[in-house]
Trainee: 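Structure below; questions to follow.
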Amino acid sequence: LSPRLQQNPFFVIPVFRDKGLFNVIVNNHRDLSIVSPLGEYQKQGDLVQPHMTMQFFTELQKSKGLVLMRSEIKDKVLTRQDAYHITTTFLRYYT
């Protein structure tokens, strides 16, 4: 996971809703990934507010071969279903 995050720190994921879709951008920095709508990122750049975070805890990676992850939705822009889709898509392409 770590080498891919360093090589490709940005990742765009489509989020599907009943009336269409919108894209979110995942910005990776070390063990923290910040998720924001792509339109907001295009307007505000690095000052964009995160709507979801994914944090990776790598303390057990060497001894147990295990990395723990915590996702947190910051507001009501993203639903639990959106967060699940973003997380599983992100992990599918980065692991």
Side-chain angles (χ1 to χ4, degrees):
L1 185 67
S2 184
R4 287 190 185 180
L5 292 177
Q6 291 173 358
Q7 290 174 351
N8 305 292
F10 295 96
F11 190 63
V12 176
I13 299 173
V15 177
F16 300 93
R17 295 266 177 96
D18 291 338
K19 296 182 180 181
L21 67 94
F22 65 97
N23 292 311
V24 296
I25 188 164
V26 181
N27 182 353
N28 302 298
H29 182 69
R30 297 187 186 182
D31 293 335
L32 182 67
S33 297
I34 297 169
V35 180
S36 299
L38 182 58
E40 288 182 24
Y41 182 80
Q42 289 172 327
K43 291 178 185 173
Q44 300 174 15
D46 290 336
L47 300 176
V48 68
Q49 294 296 312
H51 294 282
M52 178 182 149
T53 58
M54 295 181 282
Q55 189 170 5
F56 300 93
F57 300 92
T58 58
E59 292 84 2
L60 299 173
Q61 185 174 9
K62 288 184 182 177
S63 63
K64 303 286 184 185
L66 181 68
V67 175
L68 301 177
M69 185 188 134
R70 179 178 194 265
S71 290
E72 183 177 343
I73 301 171
K74 299 289 188 180
D75 54 30
K76 296 186 186 279
V77 171
L78 299 172
T79 65
R80 281 183 175 211
Q81 185 177 1
D82 295 337
Y84 177 80
H85 170 72
I86 292 166
T87 302
T88 56
T89 302
F90 176 80
L91 292 174
R92 181 179 315 128
Y93 289 103
Y94 268 93
T95 56

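One is the number of the first residue; the rest follow in order along the sequence. Small disclaimer: the values here were computed from a predicted structure and weren't measured.
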Trainee: According to side chain to side chain contact (heavy atoms under 4.5 Å, CB included), who are the partners of Q55, at least two apart in sequence or on a separate chain?
Mentor: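 In terms of side chain to side chain contact (heavy atoms under 4.5 Å, CB included), with neighbours along the sequence ignored, Q55 is linked to L32, F57.
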Trainee: Give the intermediate values and the outcome of side-chain contact (heavy atoms from CB on, under 4.5 Å) for residues T87 and M52.
Mentor: CA-CA 10 Å; T87 302; M52 178 182 149; 3.2 Å; yes
Trainee: I'd like to check the side chain to side chain contact (heavy atoms under 4.5 Å, CB included) partners of N23; sequence neighbours left out, ordered by chain and number.
Mentor: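 Applying side chain to side chain contact (heavy atoms under 4.5 Å, CB included) to N23 gives V12, P14, L21, L38.
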Trainee: Is F22 reachable from V26 through a run of hydrophobic residues whose side-chain heavy atoms are each under 4.5 Å from the next?
Mentor: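 Cluster IDs for V26 and F22 match.
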Trainee: Parallel, tilted or perpendicular: which fits the ring planes of F10 and Y41, with parallel below 30° and perpendicular above 60°?
Mentor: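 Tilted.
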Trainee: Compare every heavy atom of S36 with every heavy atom of P50, then report the nearest pair and how far apart it is.
Mentor: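 Minimum heavy-atom separation between P50 and S36: CA-OG, 3.6 Å.
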Trainee: Sequence neighbours left out, what passes side chain to side chain contact (heavy atoms under 4.5 Å, CB included) with K64? Give chain and number order.
Mentor: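 Partners of K64 by the side chain to side chain contact (heavy atoms under 4.5 Å, CB included) criterion, ordered by chain and then number, come out as L60, L66.
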Trainee: Not counting sequence neighbours, which residues clear side chain to side chain donor-acceptor pair (under 3.5 Å) with E72? List them please.
Mentor: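 Scan of E72 (side chain to side chain donor-acceptor pair (under 3.5 Å), adjacent residues dropped) gives R70.
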Trainee: Before you tell me yes or no, could you show the steps for M69 and L91 under side-chain contact (heavy atoms from CB on, under 4.5 Å), namely the whole-Å CA-CA distance, both residues' side-chain angles and the distance that decides it to 0.1 Å?
Mentor: CA-CA 10 Å; M69 185 188 134; L91 292 174; 4.0 Å; yes
Trainee: Would a hydrophobic clustering, with Ile, Leu, Val, Met, Phe, Trp and Tyr connected at side-chain separations under 4.5 Å, put I86 with F56?
Mentor: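 Yes, I86 and F56 fall within the same hydrophobic cluster.
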Trainee: For residues 28-50, which residue pairs pass the salt bridge (charged side-chain N to carboxylate O under 4.0 Å, His left out) check, not counting sequence neighbours?
Mentor: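 Matches after skipping sequence neighbours: none remain.
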Trainee: Tell me whether the count of non-hydrogen atoms from other residues, nucleotides or ligands lying under 6.0 Å of CD in Q44 goes above 12.
Mentor: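 Yes - once you tally the heavy atoms of other residues, nucleotides and ligands closer than 6.0 Å, there are more than 12.
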Trainee: Are I34 and F90 connected into the same hydrophobic cluster when the rule is that any two of I, L, V, M, F, W, Y join if their side-chain heavy atoms are below 4.5 Å apart?
Mentor: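 No, separate clusters.
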Trainee: May I ask whether V15 and Y94 are part of the same hydrophobic cluster, defined by side-chain heavy atoms of I, L, V, M, F, W, Y residues being less than 4.5 angstrom apart, directly or through others?
Mentor: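 Same cluster: V15 reaches Y94 through Ile, Leu, Val, Met, Phe, Trp or Tyr contacts under 4.5 Å.
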Trainee: Report yes or no: does T88 contribute a side-chain atom to a donor-acceptor pair with the main-chain N or O of H85 at less than 3.5 Å?
Mentor: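 Yes, the answer is positive, given that a donor and an acceptor are paired below the 3.5 Å cut-off.
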Trainee: Tell me which pairs pass salt bridge (charged side-chain N to carboxylate O under 4.0 Å, His left out) where either residue lies in residues 79-95, with sequence neighbours left out.
Mentor: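 Output for this query lists R17-D82.
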Trainee: Walk me through whether V35 and M54 qualify under side-chain contact (heavy atoms from CB on, under 4.5 Å).
Mentor: CA-CA 8 Å; V35 180; M54 295 181 282; 4.0 Å; yes
Trainee: Count I, L, V, M, F, W, Y as connected when their side-chain heavy atoms are under 4.5 Å apart, and connections chain through other members. Are V48 and L78 then in the same cluster?
Mentor: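 Shared cluster, no.
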Trainee: Do the ring planes of Y93 and F11 sit parallel (below 30°), tilted (30 to 60°) or perpendicular (above 60°)?
Mentor: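 Ring orientation of Y93 relative to F11: tilted.
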Trainee: Can you tell me if S33 uses its side chain to pair, donor with acceptor, with the backbone of N28 under 3.5 Å?
Mentor: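 Such a contact is absent between S33 side chain and N28 backbone.
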